[in-house]
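Presented below is the structure to which this report refers.
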Amino acid sequence: MTDLPVVGAALPLNQFIEMRDVMFGHDRDLELQDFHNPQLLDSDYSALVDRAKAALTGYGGRHGIHGPFWDLPLATWDPQIRGVIHDRMFKALGICEALGSTHMVVHSPYLEWDHRNIMHYPNAKEGIFERFQETMAPVVKRAEEVGTTLVLENIGDIDPHFRVELAASLGSDALQISVDTGHAHYAHGACGAPPVDYYIKAAGVRLQHVHLQDADGYADRHWALGEGTIRWDAVFRAIGQLNSKPRLIIEVYGDQSVARSIAYLQSKGLAQ
């Protein structure tokens, strides 16, 4: 089992503290889930940051945060919305700097509607790229300064290659790729996208982060691994062919779901 990948978890701070033994025992990668909320980012969150810093004392795993995403289209047309995005992202990156966090999840702007219509409207693809670059260039620059890697997560992406090309267009190692297995399985089951392992393969060396959650191909379930219909053998074979050693983050609801997910992967001989 020692050669198997070690999976981590996406947890709110209180749950991370409760699961200290599990997380510290294997230095599992961590993603704190407290800092994407817009209400929190408009408040004095210094006490929460201090609590997180204290909880991370002695922690040897890689850790990051889920960045803000609610109502933040990263390829926005609207310069005022772009200003809101910058405010949210810079605050979140300041939290990463304070915690020493080395990854932050952001959401892909590429939706099913875009995929269905990109060949219909003139210069649609070029427009998405231009608006995304205008929005994200200063955010990526700040991430470079902080030492945090932004990972671009698939949401409604049907084409697993588009997001990879979009991230690469900014030419920075501080913007890489995340794959959410449940989102990919939804796109596969409901929208005719390729299966989950194809998303892993499409990301290739740019894959730095994976959200592990099970689903049924109909909705964004966040079920414990083994409770849905994702072909985990194929997913972990694809991960095993990479040299990028992405953070493998279980993102499910409830601490028992995390424990069940770890136990499932161990029982299948896929991870520890």
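Residue indices begin at 1 and follow the sequence shown.
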Evaluate L4 against L270 for side-chain contact (heavy atoms from CB on, under 4.5 Å), listing each step before the verdict. CA-CA 7 Å; L4 297 177; L270 297 174; over 6 Å; no
Would you please test I249 and D29 for side-chain contact (heavy atoms from CB on, under 4.5 Å) and show each step? CA-CA 7 Å; I249 304 288; D29 293 332; 3.7 Å; yes
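For the side chain to side chain contact (heavy atoms under 4.5 Å, CB included) with Y110, the qualifying choice from I155, L74, I158, D157 is D157, the only one to do so. Residue I177 forms a side chain to side chain contact (heavy atoms under 4.5 Å, CB included) with just one option from V210, L166, V205, V164, and that option is V164.
H209 and Q176 share no donor-acceptor pair across their side chains, judged by distance under 3.5 Å alone. H103 and Q208 share no side-chain donor-acceptor pair at under 3.5 Å. Looking at H63 and S101, their side chains do bring a donor and an acceptor atom within 3.5 Å of each other. For the residue pair D78 / T76, no side-chain donor-acceptor distance below 3.5 Å is found, with atom types taken as modelled. For W223 and D216, the side-chain atoms include no donor-acceptor pair closer than 3.5 Å. Side-chain contact annotation: T149 with R247, donor-acceptor N/O pair under 3.5 Å absent. Side-chain contact, T229 with H185: a donor N or O sits under 3.5 Å from an acceptor N or O.
Formation of a donor-acceptor pair under 3.5 Å by the R131 side chain with backbone atoms of G127 is found in this model. Judged by distance alone, with hydrogens and angles left aside, the side-chain atoms of N154 form a donor-acceptor pair with the main-chain N or O of D180 at under 3.5 Å.
With side-chain heavy atoms closer than 4.5 Å counting as contact, directly or through intermediates, the hydrophobic cluster containing Y121 also holds W113.
Distance check, rounded to the nearest 0.5 Å: CD1 of I118 to CD1 of I128 gives 4.5 Å. A distance of 9.0 Å separates NE2 of H115 from SG of C191, quoted to the nearest 0.5 Å.
Annotation for F132 and P109: closest pair CD1-CG, 3.9 Å, computed over non-hydrogen atoms. For the pair S108 and R163, the tightest heavy-atom approach, listed with the atom from each and the gap, is CB-CD, 3.6 Å. Contact record, P160 with Y199: CB-CD2, 3.6 Å, taken as the closest heavy-atom pair.
In summary, R260 and E227 engage in a salt bridge, as defined by a charged side-chain N under 4.0 Å from a carboxylate O. Note on R237 versus D197: no salt bridge recorded, every NZ/NE/NH1/NH2 to OD/OE distance being 4.0 Å or above.
Between H211 and H222, the ring centre distance reaches or exceeds 6.0 Å.
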Side-chain donor/acceptor pairs under 3.5 Å, residues 85-99, sequence neighbours excluded:
from : atom 1 : to   : atom 2 : distance (Å)
H86  : NE2    : T135 : O      : 2.6
R88  : NH1    : D42  : OD1    : 2.7
R88  : NH1    : D42  : OD2    : 3.4
R88  : NH2    : D42  : OD2    : 3.2
K91  : NZ     : L41  : O      : 3.0
K91  : NZ     : D42  : OD1    : 3.3
E97  : OE1    : R142 : NH2    : 2.8

